[in-house]
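All of these numbers come straight from a predicted model, not from anything done at the bench.
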Amino acid sequence: MQGIKVDFSNVKKFVSDEELSLVTNDIMRAHSMLENKSGAGRNMLGWLDLPSNRDEAELERIKTCADRIRKQCDVFIIVGIGGSYLGAKAVIDLFTDTFSNMLPLSKRKAPEIIFAGNNLSGKYLRNLIEYIEDKEVAINVISKSGKTLEPAIAFRTLRTLLEQKYGIRGAAERIYVTTDSSTGLLLNIAKKQEYETFVIPDNVGGRYSVLTPVGLLPMAVAGINFEDILDGAQFASHVYNDTNLEYNDCYKYAAYRNILYMKGKDIELLGSYEPSFKYFIEWFKQLFGESEGKNGKGIFPAGVNYTTDLHSMGQLIQEGKRNLFETIINIELDRSFIELPSMEDNLDELNYLAGKDIDYINKQAFLGTVNAHVEGGVPNIIINIDDLNEYNIGQLIFFFEKACAISGYILGVNPFDQPGVEAYKKNMMSLLTIDKE
């Protein structure tokens, strides 16, 4: 069942039907490049088949491993950066209690899940070490090569800690590695130390890897039904393969954002009125930023968390430079069911809202903001999701992955490489090497 419907009515004021039809040929060309694997980055299209071509035995191994992790630790640390953690973090935040890490063991269904190796802050790592000192710990380190400095430093530090605490063999039973199938420093370490390993497919890049063991193992440890996520993504892979633009919201989204880009709207704000989408927005930023930002081109992906950011970014969005558009994720069904109470003294003058569901109030803020921003010259694309569940989020993940690939090809770049990422690494390593000498 399709749980996602995209509302383009608030962008049609800015883009004519004729302009949309002119991009149709570009969309079909991009579609053909993906289908025939004839475009740039053709060797990195494995993500297209992940929802359908499942290794059932491997999925069972992931679930078995997750059960073992839940039994052996209080804290599960996921060590990775970029695509090696953002997708997992995004999904875990959506489907776990906001304050789950703060709950006592007796009330928690899964270990505390903490992310490390996504920065080079000594303070962060020191605080983490002090926090887990008296806790049972397991680690999942995620890296294709093992050479990326942030996770490599965190892993060495945490591995040393575990070996001191449990011994080399005891630590080996608590360290899980997700890496390349055949090469790399991390794979060599895993083989030598006999860590349990999971494979990142060779033909899937990091930012497209959330539906591989990169994302599935952390999800399983958190108690999330990743098979429903895969089912939703599989459904989306069929729905969003329709060459008729009228029925393919994914392709239409790619078309509209490129037309807006050509009209000078070169910043896209992905927003939501649910704070739990914060890291989904971060995942989106990497997906589109790393895929499109090449050759002097690219829509700058940014994020806003409403209504919070209306009190910091709202002025700029409403009346600043008219070079941006918004894509808003709207969850139609809210399951919190919390009403604003009535108070006899009404000192805060809120009794006019008494008895109303908080989500209803949030939805009015959403509608009012959309209308204001559109009137102020900011096109809005609304992605309506009928319910926040794993199946629908699987659809949403594939929606954005497919749209990103199509959009990148329309833009005339390779959506599957990231040559610019190496520039800072090269300079940093040069400085560190000089320091070593």
Side-chain angles (χ1 to χ4, degrees), residues 1-11 13 90-104 106-110 222-225 228 232 249 269-281 284 303-319 326-376 378-396:
M1 183 180 72
Q2 189 165 0
I4 296 176
K5 294 182 180 178
V6 187
D7 180 359
F8 296 102
S9 61
N10 290 305
V11 76
K13 174 182 175 181
V91 175
I92 289 169
D93 278 8
L94 287 173
F95 295 111
T96 55
D97 187 290
T98 302
F99 305 103
S100 58
N101 276 357
M102 300 178 189
L103 294 173
S106 59
K107 293 186 177 181
R108 209 182 314 122
K109 297 179 180 179
I224 295 166
N225 187 340
D228 278 359
D249 283 346
L269 300 178
L270 181 68
S272 173
Y273 285 72
E274 289 299 332
S276 58
F277 270 93
K278 177 180 178 179
Y279 269 88
F280 192 94
I281 293 169
F284 161 90
V304 283
N305 291 281
Y306 290 150
T307 59
T308 303
D309 284 341
L310 290 174
H311 298 265
S312 57
M313 297 293 291
Q315 175 62 42
L316 185 147
I317 296 167
Q318 188 67 44
E319 295 185 345
E326 290 178 293
T327 299
I328 303 297
I329 299 171
N330 174 47
I331 304 298
E332 295 179 325
L333 176 62
D334 176 76
R335 295 181 180 274
S336 58
F337 307 120
I338 178 169
E339 292 182 353
L340 188 69
S342 177
M343 297 191 74
E344 188 173 343
D345 58 26
N346 194 30
L347 292 177
D348 55 10
E349 300 181 357
L350 286 177
N351 271 357
Y352 75 100
L353 295 175
K356 294 189 183 299
D357 193 274
I358 302 299
D359 182 65
Y360 168 81
I361 300 171
N362 197 25
K363 289 290 195 299
Q364 304 321 299
F366 155 59
L367 294 172
T369 302
V370 168
N371 291 337
H373 287 182
V374 171
E375 289 171 5
V378 181
N380 264 248
I381 298 168
I382 312 299
I383 300 176
N384 291 306
I385 304 176
D386 62 15
D387 192 7
L388 182 57
N389 57 45
E390 289 93 336
Y391 188 83
N392 286 344
I393 291 303
Q395 291 183 48
L396 188 65

**Request:** For side chain to side chain contact (heavy atoms under 4.5 Å, CB included), just list the numbers for Leu367 and Thr369, CA-CA rounded to whole Å, side-chain angles, deciding distance to a tenth of an Å, and then say yes or no.
**Result:** CA-CA 5 Å; Leu367 294 172; Thr369 302; over 6 Å; no
Measure the spacing between [atom1] of [X] and [atom2] of [Y] and express it to the nearest 0.5 Å.
X      : Y      : atom1 : atom2 : answer
Leu103 : Asn101 : CG    : CG    : 8.5 Å
Ser100 : Asp93  : OG    : CG    : 8.0 Å
Asn330 : Ser272 : CG    : OG    : 8.0 Å
Leu94  : Leu396 : CG    : CG    : 9.0 Å
Ile385 : Ile329 : CD1   : CD1   : 5.5 Å
Thr96  : Arg108 : OG1   : CZ    : 11.5 Å

**Message:** Just checking Lys363: does its NZ atom have more than 12 heavy atoms from other residues, nucleotides or ligands closer to it than 6.0 angstrom?
**Reply:** yes
Would you say the side chain of [Y] lies within less than 4.5 Å of the side chain of [X], judging by non-hydrogen atoms?
X      : Y      : answer
Tyr306 : Asn362 : no
Ile4   : Asp249 : no
Lys5   : Asp7   : no
Gln318 : His373 : yes
Ile317 : Val304 : yes
Leu388 : Ile393 : yes

**Aromatic plane relationship, Tyr273 with Phe366 - under 30° parallel, 30 to 60° tilted, over 60° perpendicular** = perpendicular
**Request:** Go through Asn392 and Asp386 one step at a time and tell me if the side-chain hydrogen bond (donor to acceptor under 3.5 Å, both in side chains) criterion holds.
**Result:** CA-CA 8 Å; Asn392 286 344; Asp386 62 15; 2.7 Å; yes
**Asked** Picking from Ile382, Val370, Ile381, Leu269, what satisfies side-chain contact (heavy atoms from CB on, under 4.5 Å) with Glu326?
**Response**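 Answer to the side-chain contact (heavy atoms from CB on, under 4.5 Å) test with Glu326 among Ile382, Val370, Ile381, Leu269: Leu269.
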Any side-chain to backbone donor/acceptor pair from [X] onto [Y]? Under 3.5 Å, distance only.
X      : Y      : value
Asn305 : Thr308 : no
Gln395 : Met1   : yes
Asp345 : Met343 : no

**Request:** Determine, for Arg335 against Asp387, whether the closest basic-nitrogen to carboxylate-oxygen distance falls under 4.0 angstrom.
**Result:** yes
Shortest non-hydrogen contact from [X] to [Y]?
X      : Y      : value
Pro341 : Ala354 : O-CB, 4.0 Å
Asn346 : Leu350 : OD1-N, 3.0 Å
Val6   : Phe8   : CG1-CZ, 3.3 Å

